[in-house]
> 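Please read through the structure below; I'll follow up with questions.
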Amino acid sequence: MRRVRYDSVGGPLFLEDVPVPAPGPGELLVRTAAVGVTLPVVRKVTEAAEPIPLGGEIAGEVVAVGEGVSRFAAGDRVTGLCFGHGYAEAVLLDEAMASPVPEGASAVEAVALVRSGLVALGALTAARPELGGSVLVTAAASGVGHLAVQLARAHGASRVVGAVSDPAKADFVRSLGADEVVRYDDDDWGAPVDCVLDAVGGDLLGRAVAALAPGGRLVAYSSGGGTVSAYDLLVGAKSVIGFQVARIAREQRELYEQWRLTLWRLFGEGALTPSVHGAFPLEAAQRAHAVIEARANRGKVVLVP
């Protein structure tokens, strides 16, 4: 089978031929139909001290199962998070990280919706938005952000603001249900908001905290880091909350499953529509990464083996 790898920090990415792996205890062997490309994986290629397996979100069909697997069988359609080699024609997926794909949904839709949607829904839940409140989403055109905008609207926010790096993304973000779109470098981000969902961090984190109304809450779910002045939190009675969906997946399986079902319900009702910026073949993984690095995507970037 073919899979993508790289030999030095920063790449380049290239294809190699390797044997199809055999599933071990608790594992599924999945023939991939779609693989999600995310900023954290792109950053690992460019920043990790040494090359690592390119894991991530996958969707496809189970072709074999390992000892002890009870929830899935060959022929089932699944999606999930692969911690090993995910940029490949076949991958090993831990049963605990796998979810079924319902009828009527494609593999590309599953990859675009489930993992990114779980991050978006989890971050929104952590922010504890009140019905009729206001929500600002940074990286609003990203794979997670474009779903967060829709989820904030579906949750009953009276005002949804999308923050973007490029004005060319404004129409796309408005089409998702945002009432306002601001650029990161705008002098004014408009009236303060009750909640901020921040996927950018870094130098933008201070501006995101400043956008909060008194008593507001910011949920940080990015890998971009950044620092916040404790004094700024104190005087505004503001809060910053860290969110990581992997922790929910490991420690709160029932909640994780509940969120997954919520996403598929909203998808079925037409209240949540994943957008795919582009579907690239495995051999074009380098180009897919370049789209993410340039922050050029509107929605999810996907590899199709």
Side-chain angles (χ1 to χ4, degrees), residues 112-113 116-201 204-222 228 232-233 235-243 245 255 258-259 261-275 298-299:
L113 176 72
S116 294
L118 286 167
V119 175
L121 181 57
L124 183 65
T125 303
R128 307 188 309 279
E130 297 180 0
L131 188 66
S134 52
V135 179
L136 184 148
V137 179
T138 66
S142 68
V144 173
H146 88 285
L147 297 176
V149 169
Q150 297 176 68
L151 287 167
R153 178 62 73 205
H155 188 83
S158 63
R159 175 172 166 247
V160 180
V161 183
V164 297
S165 59
D166 185 344
K169 299 176 181 179
D171 287 345
F172 170 69
V173 174
R174 288 193 183 93
S175 75
L176 304 170
D179 301 290
E180 305 165 30
V181 179
V182 299
R183 290 174 55 182
Y184 297 155
D185 58 359
D186 283 345
D187 293 333
D188 184 3
W189 280 10
V193 295
D194 301 309
C195 305
V196 172
L197 308 183
D198 180 45
V200 180
L204 196 72
L205 186 59
R207 291 213 66 187
V209 170
L212 287 171
R217 299 164 299 281
L218 180 146
V219 176
Y221 62 93
S222 81
V228 178
D232 291 341
L233 300 180
V235 296
K238 301 175 182 180
S239 303
V240 174
I241 303 159
F243 175 77
V245 74
L255 179 59
Q258 177 185 324
W259 287 350
L261 293 174
T262 296
L263 293 172
W264 283 122
R265 175 180 60 79
L266 292 171
F267 173 80
E269 295 172 352
L272 188 61
T273 303
S275 179
R298 296 165 178 78

> Would you say the side-chain atoms of Arg217 pair up with the backbone N or O of Ala127, donor to acceptor, closer than 3.5 Å?
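Answer holds: yes.
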> How close do Ala199 and Thr138 get, counting heavy atoms only, and between which atoms?
N-OG1, 2.8 Å
> Taking all non-hydrogen atoms of both residues, which atom of Tyr221 and which atom of Ala123 are closest, and how far apart?
CD2-CB, 3.8 Å
> List the atom of Ile241, the atom of Ala126, and the distance in Å for their closest heavy-atom pair.
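Residues Ile241 and Ala126, closest heavy atoms: CD1-O, 3.5 Å.
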> Is the closest side-chain heavy-atom distance between Leu124 and Pro129 below 4.5 Å?
yes
> Given side chain to side chain contact (heavy atoms under 4.5 Å, CB included), test His146 with Val173 step by step and report yes or no.
CA-CA 7 Å; His146 88 285; Val173 174; over 6 Å; no
> Give, for atom CG of Leu176 and atom OG of Ser275, the distance between the pair rounded to the nearest 0.5 Å.
7.0 Å
> Donor-acceptor pair, distance only, cut-off 3.5 Å: does the side chain of Asp186 make one with the backbone of Asp188?
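A pair under 3.5 Å: no.
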> Does the salt bridge (Lys or Arg N to Asp or Glu O under 4.0 Å) test come out yes or no for Asp166 and Arg183, once each step is laid out?
CA-CA 7 Å; Asp166 185 344; Arg183 290 174 55 182; over 6 Å; no
> Flag the pair Leu272 / Trp264 as yes when at least one side-chain heavy-atom distance between them is below 4.5 Å, and no otherwise.
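With C-beta onward as the side chain, the pair stays apart.
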> Contact between Val164 and Phe172 at the side-chain level, heavy atoms closer than 4.5 Å - yes or no?
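In short, these two side chains do not touch, never coming nearer than 4.5 Å.
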> Grab the two heavy atoms, one from Gly143 and one from Ser116, that are nearest each other, plus how far apart they are.
O-CB, 3.6 Å
> Can you measure from CG (Leu233) to OG (Ser239) and round to the nearest 0.5 angstrom?
7.5 Å
> To the closest 0.5 Å, what do you measure between CG (Leu212) and CG (Asp194)?
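Interatomic distance, Leu212 CG to Asp194 CG, rounded to 0.5 Å: 8.5 Å.
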> Under 4.5 Å between any side-chain heavy atoms of Thr125 and Leu255, yes or no?
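No, every pair of side-chain atoms sits at 4.5 Å or beyond.
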> Any side-chain heavy atom of Lys238 sitting closer than 4.5 Å to one from Val209?
yes
> Do Arg153 and Asp179 sit within salt-bridge range, that is, some charged N less than 4.0 Å from a carboxylate O?
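Here Arg153 pairs with Asp179 in a salt bridge, since their nearest N and O are under 4.0 Å apart.
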> Calculate, to the nearest 0.5 Å, the distance between atoms CZ and SG belonging to Arg128 and Cys195 respectively.
8.0 Å
> With heavy-atom distances below 4.5 Å as the criterion, would you say the side chains of Thr262 and Leu121 are in contact?
yes
> Tell me whether Asp198 contacts the main-chain N or O of Ala220 through its side chain, where contact means a donor paired with an acceptor under 3.5 Å.
no
> Are any non-hydrogen side-chain atoms of Thr273 and Gln150 less than 4.5 angstrom apart?
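When only atoms from C-beta onward are counted, Gln150 and Thr273 do touch, with a gap below 4.5 Å.
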> Side-chain contact, heavy-atom cut-off 4.5 Å: Val193 with Val135?
no
> Nearest 0.5 Å, what's the NZ-OG distance between Lys169 and Ser142?
8.0 Å
> Would you confirm whether Ser158, through its side chain, and Gly133, through its main-chain N or O, come within 3.5 Å as a donor-acceptor pair?
yes
> Search all heavy atoms of Arg159 against all heavy atoms of Trp189 and return the closest pair with its distance.
NH2-O, 4.3 Å
> Compare every heavy atom of Ala140 with every heavy atom of Gly162, then report the nearest pair and how far apart it is.
CA-CB, 3.7 Å
> Among Leu136, Val160, Val144, which residue meets the side-chain contact (heavy atoms from CB on, under 4.5 Å) test with Val149?
Val160
